[in-house]
Amino acid sequence: MSKLFESININESISLKNRIIMSPMCQYSSEDGFPNDWHFQHYVSRAVGNVSAIIQEATAVVAEGRISYGDLGIWKDEHIEAYQKLTSEIKKYNCVPGIQLAHAGRKASTEKPWLGHNQIKSDEKNGWKTVSSSNLPFNESDEIPHQLTISEIKDVVKEWGKATDRAIKAGFEILEIHGAHGYLVHQFLSPLINNRTDEYGGSFENRIRFVLEIVEEMQKYITTQSLWIRLSASDWAENGWNLDETIELCKILKQNGVEVIDVSSGGGVSHQKIDVKKNYQVPFANEIKNQVEIITGAVGLIFEPKQAEEILQNNEADLIFLGRELLRDPYFALCAAKELEEDIKWLPQYERAKNNHYA
């Protein structure tokens, strides 16, 4: 049997039917943080398409943590019921619903990508004042973010816990911290962004303090759910956050109950230089998997079934996170099974298309 379609136990309560995960991808289609018909169609179609788990796009733990005014959120109790319909429908197809809890920090308050993706200033419509670990903007033309005080940091950590509680009540079984791509957690981790001189800046131990406090706060609410984190394994910039630091952090996260590392990279600084090519992030996942001995997911320019299978066969990762390929083809898993000659179960409504394209 191909490894892509092998099941895997994440913990005592959660088992995935295969290794194909829908990666979180922002849709910028929400109002006031609520999911709507677009999100329902978008996510449920991938569950029908046989992915084993769906990690919902970056969902803000506070309103000002949204990347754009069109982002999903879970900063108030009113959001809970809106997600319950979505998670219950996803579960009908033996798919595990997950959510990425996020705060964009200094990269918040932007326009929707198809309208420019530029930062919206705090005194303009749909804009607000951004916050960060330090008072350094992402782009020179951006507003200077507010540097969070220690008490404000503690407040944000509490909000991550409240969001976790809401997410669990909404039916999500995987809770992923967004610690990558230059968003708030990453803004504390990276020495290129974090220039603090207090207990949240400077040394490695101080720069990881914020994310460890978030993990500790989330664990107060987690019972049978699984805690994951997405990390940028490298800033792709000199003197930035790097793979060695990522590995050390992952060892500590594992000790604190994190069960899966979703391995990405970049996004922290505008002067990054990424060597983008097929499988360009897989070596990071491989090093973390084998040095930390933790379940890892590979992501980034993975778009072919045999490519995904080879990553797993080479023991470079345990899970395959698909992003853009699942935008192109919600039924990637069904097609991949056919290409890899795996006889997987199709839904009865689609069964007649399984083996013969013409009858």
A.B. asks: With rounding to the nearest 0.5 angstrom, report the CD to NE2 distance, Q27 to H39.
C.D. replies: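 Those atoms lie 6.0 Å apart.
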A.B. asks: Determine whether a donor-acceptor pair (N or O, by modelled atom type, separation under 3.5 Å) exists between the side chain of Q219 and the backbone of N256.
C.D. replies: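 Answer holds: yes.
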A.B. asks: For the residue pair W128 / T130, report whether a side-chain donor-acceptor contact shorter than 3.5 Å exists.
C.D. replies: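 No, no side-chain donor-acceptor pair sits under 3.5 Å.
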A.B. asks: Can you see which heavy atom on D275 is nearest to which on Y280, and at what distance?
C.D. replies: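 Heavy atoms only, the tightest pair is O-CB, 3.5 Å.
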A.B. asks: Before accepting this row, confirm whether a basic side-chain N of the pair K354/D343 lies closer than 4.0 Å to the acidic partner's carboxylate O.
C.D. replies: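 A salt bridge links K354 with D343.
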A.B. asks: Flag yes if more than 12 heavy atoms outside K85 fall under 6.0 Å of its NZ atom; otherwise flag no.
C.D. replies: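 Incorrect, the count does not exceed 12.
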A.B. asks: Under a 3.5 Å cutoff, is there a donor and acceptor pairing between the side chains of S234 and N242?
C.D. replies: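 No, no side-chain donor-acceptor contact under 3.5 Å.
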A.B. asks: Determine, for E217 against K162, whether the closest basic-nitrogen to carboxylate-oxygen distance falls under 4.0 angstrom.
C.D. replies: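 Salt bridge flag = no for K162 with E217.
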A.B. asks: Crowded around D123 CG? As in, over 12 foreign heavy atoms under 6.0 Å?
C.D. replies: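 Yes, because the 6.0 Å sphere around CG of D123 holds more than 12 heavy atoms from other groups.
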A.B. asks: How close do I21 and L326 get, counting heavy atoms only, and between which atoms?
C.D. replies: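 It is O-CD1, 4.3 Å.
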A.B. asks: Using side chain to side chain donor-acceptor pair (under 3.5 Å) as the criterion, list what pairs up with Q147, not counting sequence neighbours.
C.D. replies: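 Not a single residue meets the side chain to side chain donor-acceptor pair (under 3.5 Å) criterion with Q147.
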A.B. asks: Assess, by modelled atom type and distance only, whether the side chains of Q187 and N194 contain a donor and an acceptor separated by less than 3.5 Å.
C.D. replies: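 No, no side-chain donor-acceptor pair sits under 3.5 Å.
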A.B. asks: Establish whether V258 and I295 are linked, either directly or via other cluster members, by ILVMFWY side-chain heavy-atom contacts under 4.5 Å.
C.D. replies: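 Different clusters: V258 never reaches I295 through Ile, Leu, Val, Met, Phe, Trp or Tyr contacts under 4.5 Å.
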A.B. asks: Is it true that the side chains of N11 and E259 contain a donor and an acceptor less than 3.5 Å apart?
C.D. replies: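 On atom types as modelled, these side chains qualify, holding a pair under 3.5 Å.
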A.B. asks: With side chains defined as the heavy atoms from C-beta onward, is the minimum distance between L16 and I14 less than 4.5 Å?
C.D. replies: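 In short, these two side chains touch, coming nearer than 4.5 Å.
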A.B. asks: Are E89 and K92 within salt-bridge range, i.e. N to O under 4.0 Å?
C.D. replies: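 Looking at E89 and K92, the cut-off is met.
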A.B. asks: Inspect the contact between R328 and E325 and indicate whether a charged nitrogen and a carboxylate oxygen are less than 4.0 angstrom apart.
C.D. replies: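 Counted as a salt bridge, because a side-chain N and a carboxylate O are separated by less than 4.0 Å.
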A.B. asks: Between R106 and Y183, is there a donor-acceptor pair closer than 3.5 Å when you use the side chain of the first and the backbone of the second?
C.D. replies: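 Flag not set: sc R106 to bb Y183 has no pair under 3.5 Å.
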A.B. asks: Taking everything shown except E216 itself, do over 12 heavy atoms lie less than 6.0 Å from its CD?
C.D. replies: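 Atom CD in E216 is not crowded, with 12 or fewer foreign heavy atoms closer than 6.0 Å.
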A.B. asks: Can you list the steps and then say if N206 with D198 is a side chain to side chain contact (heavy atoms under 4.5 Å, CB included)?
C.D. replies: CA-CA 8 Å; N206 285 353; D198 58 18; over 6 Å; no
A.B. asks: Are more than 12 heavy atoms, taken from residues, nucleotides or ligands other than K277, located less than 6.0 Å from that residue's NZ atom?
C.D. replies: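 Incorrect, the count does not exceed 12.
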A.B. asks: List the steps, then state whether side-chain hydrogen bond (donor to acceptor under 3.5 Å, both in side chains) holds for T223 with Q225.
C.D. replies: CA-CA 6 Å; T223 54; Q225 297 78 27; 3.3 Å; yes
A.B. asks: Should side-chain heavy atoms under 4.5 Å link Ile, Leu, Val, Met, Phe, Trp and Tyr, which residues sit in the same cluster as I144?
C.D. replies: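 Via sub-4.5 Å side-chain contacts, I144 links to none.
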A.B. asks: Just checking K158: does its NZ atom have more than 12 heavy atoms from other residues, nucleotides or ligands closer to it than 6.0 angstrom?
C.D. replies: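 Open.
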A.B. asks: Rounded to the nearest 0.5 Å, what separation is found between the CD atom of E342 and the CD atom of E6?
C.D. replies: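 Here the rounded value is 9.0 Å.
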A.B. asks: Between CD of E57 and SG of C26, what distance do you get to the nearest 0.5 Å?
C.D. replies: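 The distance works out to 5.5 Å.
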A.B. asks: Would you check if there is a donor-acceptor pair between the side chains of E111 and Y28 at a distance under 3.5 Å?
C.D. replies: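 Short answer, no.
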A.B. asks: Using a strict 4.0 Å threshold on nitrogen-to-oxygen distance, state whether E351 and K345 make a salt bridge.
C.D. replies: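 K345 and E351: not salt-bridged.
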A.B. asks: Checking side-chain contact (heavy atoms from CB on, under 4.5 Å) between L231 and each of V263, D262, L189, which is the one that passes?
C.D. replies: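 One option only clears the test, and that one is L189.
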A.B. asks: For H103, what residues pass the ring-ring contact (aromatic ring centres under 6.0 Å, His included) criterion, not counting sequence neighbours?
C.D. replies: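 With neighbours one apart ignored, the set is empty.
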A.B. asks: Say whether, by atom type as modelled, one donor and one acceptor occur between the side chain of S109 and the main chain of I120 under 3.5 angstrom.
C.D. replies: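 Yes; at least one donor-acceptor contact below 3.5 Å.
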A.B. asks: State whether a side-chain donor-acceptor pair under 3.5 Å links S134 with S132.
C.D. replies: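 Result is no, nothing qualifies.
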A.B. asks: Of all the heavy-atom pairs spanning E304 and F332, show the shortest one and how long it is.
C.D. replies: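 Scanning both residues completely, I find the closest heavy atoms to be C-CZ, 4.2 Å.
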A.B. asks: Identify the heavy atoms of K129 and S122 that sit nearest to each other, and give their distance.
C.D. replies: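 Scanning both residues completely, I find the closest heavy atoms to be N-CB, 3.6 Å.
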A.B. asks: Indicate yes or no: at least one non-hydrogen side-chain atom of V156 is less than 4.5 angstrom from one of V62.
C.D. replies: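 No, their side chains stay 4.5 Å or more apart.
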A.B. asks: Which atom pair, heavy atoms only, marks the closest approach of A58 to H178?
C.D. replies: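 Reported closest heavy-atom pair: CB-CD2, 4.2 Å.
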A.B. asks: Please determine whether a side-chain nitrogen of the Lys or Arg among D142 and K107 lies less than 4.0 Å from a carboxylate oxygen of the Asp or Glu.
C.D. replies: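 Here D142 does not pair with K107 in a salt bridge, since their nearest N and O are not under 4.0 Å apart.
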A.B. asks: Taking all atoms of both residues into account, what is the closest heavy-atom pair of A163 and V61, and its distance?
C.D. replies: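 What the structure gives for the nearest pair is CB-CG1, 3.7 Å.
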A.B. asks: A side-chain contact here means heavy atoms from C-beta on lying under 4.5 Å apart; do W160 and V185 qualify?
C.D. replies: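 Yes. Closest side-chain heavy atoms under 4.5 Å.
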A.B. asks: Would you check if I229 and Q100 make a side-chain contact, meaning some heavy-atom pair closer than 4.5 Å?
C.D. replies: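 I229 vs Q100: side chains apart.
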A.B. asks: Counting only heavy atoms not in E81 (residues, nucleotides, ligands), do more than 12 fall under 6.0 Å from its CD?
C.D. replies: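 No, CD of E81 has 12 or fewer neighbouring heavy atoms, counting only those of other groups under 6.0 Å.
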A.B. asks: Output yes when a side-chain donor or acceptor of N50 lies under 3.5 Å from a complementary backbone atom of W346, and no otherwise.
C.D. replies: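 No; judged by distance alone, with no hydrogens or angles, the pair does not exist.
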A.B. asks: Once rounded to the nearest 0.5 Å, what's the spacing between atom CD1 of I302 and atom CZ of F321?
C.D. replies: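 Answer for the CD1-CZ pair, I302 versus F321, is 10.0 Å.
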A.B. asks: Backbone N or O of I67 within a donor-acceptor pair of the T110 side chain at under 3.5 Å?
C.D. replies: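 Answer holds: yes.
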A.B. asks: Assess the pair F284 and W241: is the distance between their ring centroids shorter than 6.0 Å?
C.D. replies: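 No: the rings miss the under 6.0 Å criterion.
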A.B. asks: Between R230 and S23, is any side-chain donor less than 3.5 angstrom from a side-chain acceptor?
C.D. replies: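 Result is yes, a qualifying pair exists.
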A.B. asks: Under 3.5 Å, is there a donor on one side chain and an acceptor on the other for D235 and H186?
C.D. replies: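 Per modelled atom types, D235 and H186 side chains form a pair under 3.5 Å.
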A.B. asks: Quick one: does R207's side chain have a donor or acceptor within less than 3.5 Å of a partner on G202's backbone?
C.D. replies: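 Indeed, once roles are kept as given, a pair shorter than 3.5 Å links the two residues.
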A.B. asks: Assess the side chains of Y200 and E213: does a donor N or O sit below 3.5 Å from an acceptor N or O?
C.D. replies: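 The answer is yes; a qualifying pair exists.
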A.B. asks: Step by step, would you call M218 with V215 a side chain to side chain contact (heavy atoms under 4.5 Å, CB included)?
C.D. replies: CA-CA 5 Å; M218 292 177 69; V215 168; 5.8 Å; no
A.B. asks: Out of the candidates F172, F40, F34, only one should pair with Y83 under the ring-ring contact (aromatic ring centres under 6.0 Å, His included) rule; please name it.
C.D. replies: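 By the ring-ring contact (aromatic ring centres under 6.0 Å, His included) criterion, Y83 pairs with just one of F172, F40, F34: F172.
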A.B. asks: The test is side-chain hydrogen bond (donor to acceptor under 3.5 Å, both in side chains); show your working for S265 and Q281 and say whether it passes.
C.D. replies: CA-CA 7 Å; S265 68; Q281 294 177 150; 2.7 Å; yes
A.B. asks: Should we count OH of Y350 as having more than 12 external heavy atoms under 6.0 Å?
C.D. replies: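 Atom OH in Y350 is not packed in, count stays at 12 or less.
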A.B. asks: Between E124 and K121 (side chain of the first, backbone of the second, donor and acceptor by atom type, cut-off under 3.5 Å), is there such a pair?
C.D. replies: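 A pair under 3.5 Å: yes.
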A.B. asks: Please lay out, stage by stage, how N279 and Q307 fare under the test side-chain hydrogen bond (donor to acceptor under 3.5 Å, both in side chains).
C.D. replies: CA-CA 9 Å; N279 287 5; Q307 174 192 9; 2.5 Å; yes
A.B. asks: With hydrophobic residues grouped by side-chain heavy-atom distances under 4.5 Å, do L322 and V44 end up in a single group?
C.D. replies: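 Same cluster.
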A.B. asks: Using 0.5 Å steps for rounding, measure from the OG atom of S52 to the CG atom of N94.
C.D. replies: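 That separation rounds to 9.0 Å.
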A.B. asks: As an exercise, state the distance from CG of D71 to NZ of K112, rounded to the nearest 0.5 Å.
C.D. replies: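 Output value for this atom pair is 9.5 Å.
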